[in-house]
J.: 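Quick one: the structure is below, questions incoming.
Fair warning: this is a prediction, and the values are worked out from it, not measured in the lab. Atoms within each ligand, like the ligands themselves, are counted from 1 in listed order.
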Amino acid sequence: MLIKQPADIHPSEITPPELYARRREFLKTAAVFGAAALLPPIMRGTVAQAADDDLKLTPYKDITAYNNFYEFGSSKSDPAENAGSLKTKPWFVAVEGHCEKPGRYTLEDFLAPHPSEERIYRLRCVEAWSMVVPWLGVPLSTILPRFQPTASAKYVEFTTLLDPAQMPGQRTRLLDWPYVEGLRMDEAMNPLTLLATGLYGKELPNQNGAPLRLVVPWKYGFKSIKSIVKIRFTETQPKTTWAISGPGEYGFYANVNPAVDHPRWSQKKERRVGDLFRRETLPFNGYAEQVAGLYTGMDLKTFF
Ligand SMILES: Nc1nc2c(c(=O)[nH]1)N[C@H]1C(S)=C(S)[C@@H](COP(=O)(O)O)O[C@H]1N2
Ligand SMILES: [Mo]
């Protein structure tokens with residue numbers, strides 16, 4: 001039997017080919033954005049811990065041409081076609097509710113002084129498609145404390161711009177405008193929760209929610225509200241647009257849960273945009289290790 005010296009062993013001989021290809025893909029990704037060692041620690045953790053799914057980036061073209069943003073129409077191509085009418089400069093964010101420092105902030109002031117980080121997160125829509133997106137943004141948990149939420153602040157409510165002149169979908173009754181979303185305070189303060197300002201190293205395109213959108217990677221895409229103009233600290237659970245529109249189909253929690261079907265279709269599998277075949281959907285979209293503890297003791301069939 002021939003025993004090879006370690007130096008003679010090509011990495012492809014010790015790593016199953018499929019994993020090897022994935023690792024190369026990851027290394028390529030890391031090369032595009034700078035060496036993995038230079039990534040912020042939290043992001044390295046995210047990449048390493050995000051279950052056994054691959055994190056091959058969805059092409060920029062797909063991320064920016066296949067969207068849900070009902071303010072610009074209900075078909076997937078509408079936002080890219082129509083969102084040019086949205087004016088994102090200047091932009092203001094109002095901070096209201098149970099906090100010591102409410103006010104109306106310019107976007108720059110609202111985000112300052114925190115630098116943007118890059119986070120590669122999967123986005124999983126309840127319609128059973130998914131993407132892997134290299135977001136740029138600031139963790140919500142680094143921004144919220146500045147406004148000094150009080151002990152009564154149990155939730156955070158988010159509101160999208162209301163301006164039918166810029167958002168043609170708002171001239172219809174497709175949804176109850178403005179679009180609203182909410183998180184429990186501990187979900188908002190979880191280090192994975194991101195306020196995104198860009199993707200692929202560039203400013204957010206309008207169709208992806210410019211200039212400021214939420215990204216909650218363990219929840220269905222619809223939690224990730226776009227073009228945010230208001231954040232309000234509340235004592236009671238905020239209303240959310242999709243739960244208003246279909247209370248039997250969409251709940252407040254919206255955690256990715258392959259074991260609980262949508263009333264009209266299964267949530268067991270998903271199709272990565274651009275792929276031919278479907279793949280298994282992972283509980284909490286692959287982030288169970290980091291966030292399952294937030295829901296200990298809750299029946300996720302009741303709190304869907
Ligand atoms: N204001 C607003 N935010 C929104 C939506 C919307 O229609 N309006 N759609 C949601 C849904 S259903 C999904 S899946 C994601 C899609 O994000 P993407 O287009 O960047 O992939 O945005 C979410 N945020
Ligand atoms: Mo969605």
J.: Report, in ascending order of atom number, the atoms of ligand 1 lying under 4.0 Å from any heavy atom of Y70.
T.: 6 (C), 7 (O)

J.: Judging by distance only, is a nitrogen or oxygen of W129 under 3.5 angstrom from one on ligand 1?
T.: no

J.: Could you tell me whether R104 atom CZ has more than 12 heavy atoms of other residues or ligands within 6.0 Å of it?
T.: no

J.: For K226 and ligand 1, does the shortest N/O to N/O distance drop below 3.5 Å?
T.: yes

J.: So which heavy atom in the protein is nearest atom 14 (S) of ligand 1, and how far is it from that ligand atom?
T.: C125 SG, 3.5 Å

J.: Decide whether W242 and Y179 meet the rule of one side-chain donor and one side-chain acceptor closer than 3.5 Å.
T.: yes

J.: Do any nitrogen or oxygen atoms of N67 lie less than 3.5 angstrom from nitrogen or oxygen atoms of ligand 1?
T.: yes

J.: Give the residue, atom name and distance (to 0.1 Å) of the protein heavy atom nearest atom 10 (C) of ligand 1.
T.: Y179 OH, 3.5 Å

J.: Hey, is E71 touching ligand 1 through its side chain, its backbone, both or neither, going by heavy atoms under 4.0 Å?
T.: side chain

J.: Near N68, which atoms of ligand 1 are under 4.0 Å from a heavy atom of that residue?
T.: 5 (C), 9 (N), 11 (C), 12 (S), 13 (C), 14 (S), 16 (C), 19 (O), 22 (O)

J.: Take N67 and K76 through the side-chain hydrogen bond (donor to acceptor under 3.5 Å, both in side chains) test and state the conclusion after the steps.
T.: CA-CA 5 Å; N67 300 97; K76 301 286 175 276; over 6 Å; no

J.: Taking only Lys NZ, Arg NE, NH1 and NH2, and the carboxylate oxygens of Asp or Glu, determine whether E187 and K219 approach each other closer than 4.0 Å.
T.: yes

J.: Just jot down the ligand 1 atoms closer than 4.0 angstrom to any heavy atom of T160, in number order.
T.: 1 (N)

J.: Can a salt bridge be assigned to the pair R146 and D109 using a cut-off of 4.0 Å between side-chain N and carboxylate O?
T.: yes

J.: Looking only at protein heavy atoms, which one is nearest to atom 15 (C) of ligand 1, and how far off is it?
T.: G221 O, 3.5 Å

J.: Quick one: look up the protein heavy atom nearest atom 20 (O) of ligand 1 and list residue, atom name and how far away it is.
T.: R213 NH1, 2.9 Å

J.: Give me the one residue out of I228, V138, I231 that meets side-chain contact (heavy atoms from CB on, under 4.5 Å) with F110.
T.: I231

J.: Just to check, does S224 reach to within less than 4.0 Å of ligand 1 when the distance is taken from its heavy atoms?
T.: yes

J.: Around atom CD of E203, are there more than 12 heavy atoms from other residues, nucleotides or ligands closer than 6.0 Å?
T.: no

J.: Just to verify, which of K230, Q237, R232 counts as forming a side-chain hydrogen bond (donor to acceptor under 3.5 Å, both in side chains) with E157?
T.: R232

